[in-house]
Amino acid sequence: MHGTALRRPALALALPLLLLPLGCDGPAAPPPSPEGPSPDAASLFDPTTAGTLTGRIAWSGPRPVVPPFRSRARPLLGRTGGAPQDWPNPHAPRIGPAGEVAGAVVFLRGVDPRRARPWDHLPVRVELRDHQLHVLQGGRDAGHGFVRRGDVLEMASAQDVFHTLQARGASFFARAFPEPGPTCTQALLAPGVVELMSGSGAYWMRAHLFVDDHPYYARSGADGRFALERVPPGDYELVCWLPDWRTAERELDADSALVWRLKFHPPWETVQRVRLGARERKAIDVAVAAP
């Protein structure tokens, strides 16, 4: 499924680059903002009544065949940007031999931040490397990360090519990386999902950040299992989130007719209602299937 192909005027290539900053001044944090982390988050957390939610994410139905994208490594140079090569679809589900799904994001909706445990996810750094987006957090290199609302995101390029990084969704910003090394920072002030992508024609590059006031976010491991620890008793929605790998729309460069930007179908979620009692340990298995 290739979706709708649109041609953009040739001037559209130059304008975004002119409007973007030409680099980063360093890792200095932004000025204080009233929209920082919730000041009373975890103020009512009671560890003596907290429970645990565990489970396993499993694929249901036929396994999808997700082909790679084919493009030149330096799309800014058009048809002179090197020989075409394959780039993996970053949204392809990781399904194991027994149907276990690795790398799915699992989180809770309906959490009162005051009753949540203190935020304990480590800071996030995004690196542009090998024409891919790497989200580094707590020793993990993944396609997504978890950020407390108001905290600062670090971004840097480790590749000797011109890169631009764009953010859409809960936050909207862009950064240019003319050379490897300098670190940019950006405070993420609005809760929700932030989609990260290339603004320089490497349309296959994608990553996601989940911004919230509570820390009840996890990813399934290689065995498909997940755990949400120290959850206050209550009624919640348990959400399993996966990005959609299908192309909804393509934007072509008017001069080279190469794909310049790609839009995926919206992510899909599997939602279950769950009631957790005091000190309860509850297991919930989640079956996911192609949309």
Side-chain angles (χ1 to χ4, degrees), residues 1 52-69 86-109 120-147 153 169 192-197 204-212 214-231 236-247 262 264-272 274 281-291:
M1 289 173 282
T52 302
L53 289 169
T54 62
R56 178 177 180 269
I57 312 298
W59 191 265
S60 176
R63 301 183 182 216
V65 176
V66 184
F69 297 115
D86 288 338
W87 305 96
N89 188 320
H91 291 178
R94 295 160 52 195
I95 307 172
E100 62 273 18
V101 179
V105 175
V106 182
F107 62 93
L108 294 179
R109 283 198 186 119
D120 52 4
H121 295 291
L122 294 176
V124 172
R125 177 181 174 89
V126 175
E127 287 190 0
L128 296 90
R129 178 172 14 103
D130 304 322
H131 297 287
Q132 303 291 346
L133 286 172
H134 298 262
V135 180
L136 309 177
Q137 184 174 27
R140 293 178 179 267
D141 185 343
H144 47 261
F146 312 130
V147 182
L153 169 71
V193 181
V194 179
E195 183 181 23
L196 301 177
M197 66 190 77
W204 59 89
M205 294 171 61
R206 281 298 191 286
H208 295 85
L209 304 174
F210 294 79
V211 184
D212 213 326
H214 71 76
Y216 298 111
Y217 285 79
R219 58 178 63 86
S220 57
D223 57 0
R225 300 195 175 277
F226 68 90
L228 296 169
E229 306 280 356
R230 297 191 292 161
V231 180
Y236 307 106
E237 286 185 345
L238 179 75
V239 183
C240 177
W241 182 98
L242 284 170
D244 198 322
W245 62 87
R246 299 173 301 162
T247 300
L262 187 102
F264 290 97
H265 284 278
W268 38 295
E269 300 178 346
T270 302
V271 182
Q272 295 189 34
V274 57
R281 185 177 182 89
K282 180 171 288 189
I284 301 178
D285 292 337
V286 181
V288 295

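- When all heavy atoms of Arg63 and Gly99 are compared, the closest pair comes out as NH2-N, 3.5 Å.
- Here the straight-line distance linking atom CZ of Arg206 with atom CD of Gln132 works out to 11.5 Å at 0.5 Å rounding.
- Put simply, the side chain of Arg225 does not reach to within 4.5 Å of the side chain of Thr54, judged on heavy atoms.
- In plain terms, the two heavy atoms of Ala102 and Ala222 that are nearest each other are CB-CA, 3.9 Å.
- In this structure, the side chain of Tyr216 does not engage the main chain of Val106 through any donor-acceptor pair within 3.5 Å.
- Under the 30°/60° scheme for interplanar angles, the aromatic rings of Trp268 and Trp59 are found to stand perpendicular.
- Pro64 places a side-chain heavy atom less than 4.5 Å from the side chain of Trp245.
- Side-chain contact between Met205 and Leu128: present, with at least one pair of heavy atoms (C-beta onward) separated by less than 4.5 Å.
- Between His265 and His91, a ring centre-to-centre spacing not shorter than 6.0 Å is recorded.
- Phe226 approaches Arg56 most closely through the heavy-atom pair CE2-N, 3.7 Å.
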Hey, mind stepping through Arg109 and Val271 against side-chain contact (heavy atoms from CB on, under 4.5 Å) and telling me if it holds?
CA-CA 10 Å; Arg109 283 198 186 119; Val271 182; 4.2 Å; yes
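- In this structure, the separation between CD on Glu100 and OG on Ser220 is 10.0 Å, given to the nearest 0.5 Å.
- How far CG of Asp130 is from CG of Leu133: 11.5 Å, rounded to the nearest 0.5 Å.
- You'll find the side chain of Phe69 reaches within 4.5 Å of the side chain of Leu262, heavy atoms only.
- For Val101 against Ala58, the heavy-atom pair with the smallest separation is CG2-C, 3.9 Å.
- Exactly one of Leu242, Val239, Val286 qualifies for a side chain to side chain contact (heavy atoms under 4.5 Å, CB included) with Thr270. That residue is Val286.
- When every heavy atom of Val135 is checked against every heavy atom of Gly143, the shortest pair comes out as CG2-C, 4.0 Å.
- One distance of note links CG of Leu238 with CD of Glu269; it measures 11.0 Å at 0.5 Å rounding.
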CA sep, side-chain torsions, deciding dist, call: Arg219, His144, side-chain hydrogen bond (donor to acceptor under 3.5 Å, both in side chains)
CA-CA 9 Å; Arg219 58 178 63 86; His144 47 261; 3.3 Å; yes
Run the numbers on Asn89 and Trp204 for side-chain contact (heavy atoms from CB on, under 4.5 Å), then give the verdict.
CA-CA 7 Å; Asn89 188 320; Trp204 59 89; over 6 Å; no
Steps toward side-chain contact (heavy atoms from CB on, under 4.5 Å) verdict (Leu53, Leu108):
CA-CA 10 Å; Leu53 289 169; Leu108 294 179; 3.8 Å; yes
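- Closest heavy-atom contact between Gln137 and Phe146: NE2-O, 2.8 Å.
- Separation of the Tyr217 and His121 ring centroids does not fall under the 6.0 Å cut-off.
- Other residues, nucleotides and ligands contribute only 12 or fewer heavy atoms inside 6.0 Å of the CZ atom of Arg94.
- One distance of note links OG1 of Thr52 with CD of Glu229; it measures 4.5 Å at 0.5 Å rounding.
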